[in-house]
Amino acid sequence: MKKTNVKELLASTNYDQEIKLMGWVRTKRTSKNVAFVALNDGSTINNIQLVFDATEFPEKELAKVTTGAAISVNGILKESVGAGQSSEITVKTLEVLGEADPDEYPLQPKRHSLEFLREIAHLRFRTNTFGAIFRIRHHMIFAIHNFFNDKGFFNIHTPIITASDAEGAGEMFRVSTLDPENPPRNEEGKIDYKKDFFGRETSLTVSGQLEAELGALALSNVYTFGPTFRAENSNTSRHLAEFWMIEPEMAFYDIHDNMDLAEEMLKYLIKYALDNCYDDLLFLEQRLENEEKNMPVEKRTDMKLIEKLHFVLDNDFVRISYTEAIDILRNSKPNKKKKFQYPVNDWGVDLQSEHERYLVEKHFQKPVILTDYPSEIKAFYMKQNEDGKTVRAMDVLFPQIGEIIGGSQREENLEKLRNRMKEMEIPEKEMFWYIDSRRFGSVPHSGYGLGFERLMLFITGMGNIRDVIPFPRTPQNAEF
RNA sequence: UCCUCCUUAGCUCAGUUGGUUAGAGCAUCUGACUGUUAAUCAGAGGGCCGCUGGUUCAAGUCCAGCAGGAGGAGCCA
């Protein structure tokens, strides 16, 4: 018989039909003559109830049906006589595929802390919470490709191993096949990377943007969606050493087109989650509520998860310049009362987390796009404004998460780009290919980077980025 | 990397101003129960109180160091 799955069965009213089903036991409740098993196979957050007539199954066999065990059953789909579910399965035959020794199996039908589950990341897929998160994660990956495909964008794979250390986006992981115990040395006594696999120093990519620009300057609209590696010693709930980033890059787009696209994309993704992951979102919302029950009222989030998603969907993002933001912050209550750890006085300072949070969570209470930052605090490739002081950067700031997107219109003018590279001491020779893109058929173009796991934080309402990626890589941790 | 906090049973936690045999709930095991919903009821087993050292008649409790974890900051997506 062909096997079915829990999701299909729960949606079915095709009663009294024989079915075959496999999955993992979540809980078992027994009494003298009847046993109930909640079975889950990952197809949905919901379990289906299996009903065993205890007199028809050997006690020994039923005893192996414990939390975490994998079983296969044949049975009849019935309209349920009990409360709490519309249908259930009267089991006719049982096969225990894989036992789970209850003395050893760490997951119980009870609440576990996220920290504990992180330590058993190989098993946490089997919990309701992580089942929901990773189903949503899949849908978001799919939705991103859908969004760009529908708009005529082309996905390109940019290199994961790169020789350019000029991307300027942080510390990099070295890639080498040299013997670390005894590396070859040159005449100066330094490590001779000419003898390394690629004949030069190479690292894992910190961004696919520069290569994506090359694609955009021929295919017009492209995007990358790949792994990204940063060797920063960041120990926060918002940073990973290995994460996934979406980087669209568009020819003939100015900063405003860029912002429009970013806002449209984020809203599309939120709507996609609401339309396709409602059960899982509802579960996560209830989980959050239970979590916050023990917290003081002022610390609780003021909006429920689904409400919050709708709120972002239904409101325009605020768009203001860095200069306007500085004015707001300078005249803000916390600044005047010296409540900021870093007071805002002069134009030109970089905004701290507390400032971004004030703007998003207190002042505007909705997502904010900040533009036109001082050129000193931004990357070399951003388009310089006429004022000579600012660049056409844009950062999309979300509540709780902070910067979810960072992007800009790119500098397409050859001379301006070269001057900026000189100022920032970026070696022109190594970057000849990037400069060539401005020498031949250069056009105005723009792009941005979306941190996929930060999007996941927002969609799922989770608090720690380590809980929205299956196997997080962070400083001092590469387990599993 | 910096600051703050945490580490007690398989899990989640309590443990008073340092004071005899260290507690609870859940899980596990045994038994009861004719449909349960994280079932319920009765009973049982289960602890180098993170590690090392110190103070003290006496340390889960105080002090120092180390390890692991969390929150915040910086770096950024």
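Chain A is the first sequence line, chain B the second, and so forth, proteins listed ahead of strands; every chain is numbered from 1. Small disclaimer: the values here were computed from a predicted structure and weren't measured.
Atom CD of A:E88 is separated from atom C1' of B:rG35 by 8 Å (rounded to the nearest Å). At whole-Å resolution of the value, NZ in A:K378 and P in B:rC75 are 10 Å apart. If you take CG of A:D395 and C1' of B:rA77, they are 10 Å apart, rounded to a whole angstrom. The distance between atom CD of A:Q341 and atom C1' of B:rC2, rounded to the nearest whole Å, is 11 Å. Rounded to an integer number of Å, the gap from A:R454 CZ to B:rC76 P is 11 Å. Atom CE of A:M172 is separated from atom P of B:rA77 by 13 Å (rounded to the nearest Å). One atom, CD of A:E59, and another, C1' of B:rC29, lie 14 Å apart when rounded to the nearest Å. Taking atom CG of residue A:L50 and atom P of nucleotide B:rU36, one finds them 17 Å apart after rounding to whole Å.
Here A:R26 does not reach the OP1 or OP2 of B:rU37: none of its side-chain N or O atoms lies under 4.0 Å away. Considering only side-chain N and O atoms, A:Q352 lies nowhere under 4.0 angstrom from the phosphate OP1 or OP2 of B:rA73. Proximity of A:T228 to the phosphate of B:rA77: no side-chain N or O atom is located under 4.0 Å from OP1 or OP2. Side-chain N/O atoms of A:S237 include one lying less than 4.0 angstrom from OP1 or OP2 on B:rG72. In terms of phosphate contacts, A:S234 brings no side-chain nitrogen or oxygen within less than 4.0 Å of OP1 or OP2 of B:rG74. Side-chain nitrogen and oxygen atoms of A:R29 include at least one within less than 4.0 Å of the OP1 or OP2 phosphate oxygen of B:rA39. Contact check, A:S31 against B:rG35: a side-chain N or O comes under 4.0 Å of OP1 or OP2. Remark: A:N464 is in phosphate contact with B:rG71, judged by side-chain N or O atoms under 4.0 Å from OP1 or OP2. Checking the phosphate oxygens (OP1, OP2) of B:rA70, a side-chain nitrogen or oxygen of A:R466 falls inside 4.0 Å. The phosphate of B:rG74 has OP1 or OP2 within less than 4.0 Å of a side-chain N or O from A:S353. Contact check, A:N233 against B:rU1: a side-chain N or O comes under 4.0 Å of OP1 or OP2. Checking the phosphate oxygens (OP1, OP2) of B:rA70, a side-chain nitrogen or oxygen of A:R118 falls inside 4.0 Å.
B:rA59 sits 28 Å from B:rC13 when the P atoms are compared, rounded to a whole Å. Using atom C1' as the reference point in both B:rU4 and B:rU21, the two lie 38 Å apart (nearest Å). B:rA64 and B:rC3: their P atoms are spaced 14 Å apart (whole Å). Look at the P atom in both B:rG25 and B:rU40: the space between them is 13 Å, to the nearest Å. Between B:rG23 and B:rA32, the two C1' atoms lie 27 Å apart (nearest whole Å). Taking atom C1' in both B:rA44 and B:rA27, the straight-line distance is 14 Å, to the nearest Å. Using P as the reference atom, B:rG65 and B:rA24 are 36 Å apart when rounded to the nearest Å. B:rG54 and B:rG60 have their P atoms separated by 15 Å, with the value rounded to a whole Å.
Closest contact between the side chain of A:D103 and the listed nucleotides B:rC75, B:rA39, B:rU28 involves B:rU28. Considering only side-chain atoms of A:E115, the nucleotide from B:rA77, B:rA70, B:rA38 that sits closest is B:rA70.
For the ring pair (Phe, Tyr, Trp, His ring centres under 6.0 Å) test with A:F471, the passing option among A:F125, A:F243, A:F134 is A:F125; the others fail.
Below 30°, between 30° and 60°, or above 60°: for A:F147 and A:Y268 the angle between ring planes is between 30° and 60°, a tilted geometry. Ring-plane geometry between A:Y253 and A:F153 is classed as perpendicular, the angle between the planes exceeding 60 degrees on a 0 to 90 degree scale with a lower cut at 30.
Remark: the A:E354 side chain and the B:rG72 base include no donor-acceptor N/O pair separated by less than 3.5 Å. Residue A:H112 places no side-chain atom within donor-acceptor reach of the base of B:rC11, judged by atom type and a 3.5 Å distance cut-off alone. Between the side chain of A:K110 and the base of B:rC11, at least one donor-acceptor pair of N or O atoms lies under 3.5 Å. With hydrogens and angles ignored, no donor-acceptor pair closer than 3.5 Å exists between the side chain of A:Q108 and the base of B:rU28.
Annotation: side chain of A:N335 is in contact with side chain of A:P343 (closest heavy-atom distance under 4.5 Å).
Heavy-atom distances to RNA chain B give each of A:L107 and A:R357 a nearest nucleotide, and the one nearer the 5′ end belongs to A:L107. Taking for each of A:G449 and A:N477 the nucleotide of RNA chain B with the nearest heavy atom, the 5'-most of the two is the partner of A:N477.
The CG atom of A:L359 lies 6.0 Å from the CG atom of A:L370; values are rounded to the nearest 0.5 Å.
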State the dot-bracket string of RNA chain B. Criteria: Watson-Crick or G-U wobble, both atom distances under 3.5 angstrom; notation: ( ) intrastrand, [ ] crossing earlier pairs, | interstrand, . unpaired. (((((((..((((.....[...)))).(((((.......))))).....(((((..]....))))))))))))....
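Using a 5.5 Å limit on the distance between ring centres and a 30° limit on the angle between planes, the aromatic ring of A:F36 does not count as stacked on the six-membered base ring of B:rG35.
Centroid-to-centroid, the aromatic rings of A:H145 and A:F225 come within less than 6.0 Å.
There is no side-chain donor-acceptor pair under 3.5 Å between A:S31 and A:R29. Side-chain contact annotation: A:S207 with A:E247, donor-acceptor N/O pair under 3.5 Å present. With 3.5 Å as the limit, one finds a donor-acceptor pair spanning the side chains of A:Y434 and A:E213.
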Between A:R287 and A:M462, is the side chain to side chain contact (heavy atoms under 4.5 Å, CB included) condition met? List the steps. CA-CA 10 Å; A:R287 195 196 144 274; A:M462 297 297 287; 4.1 Å; yes
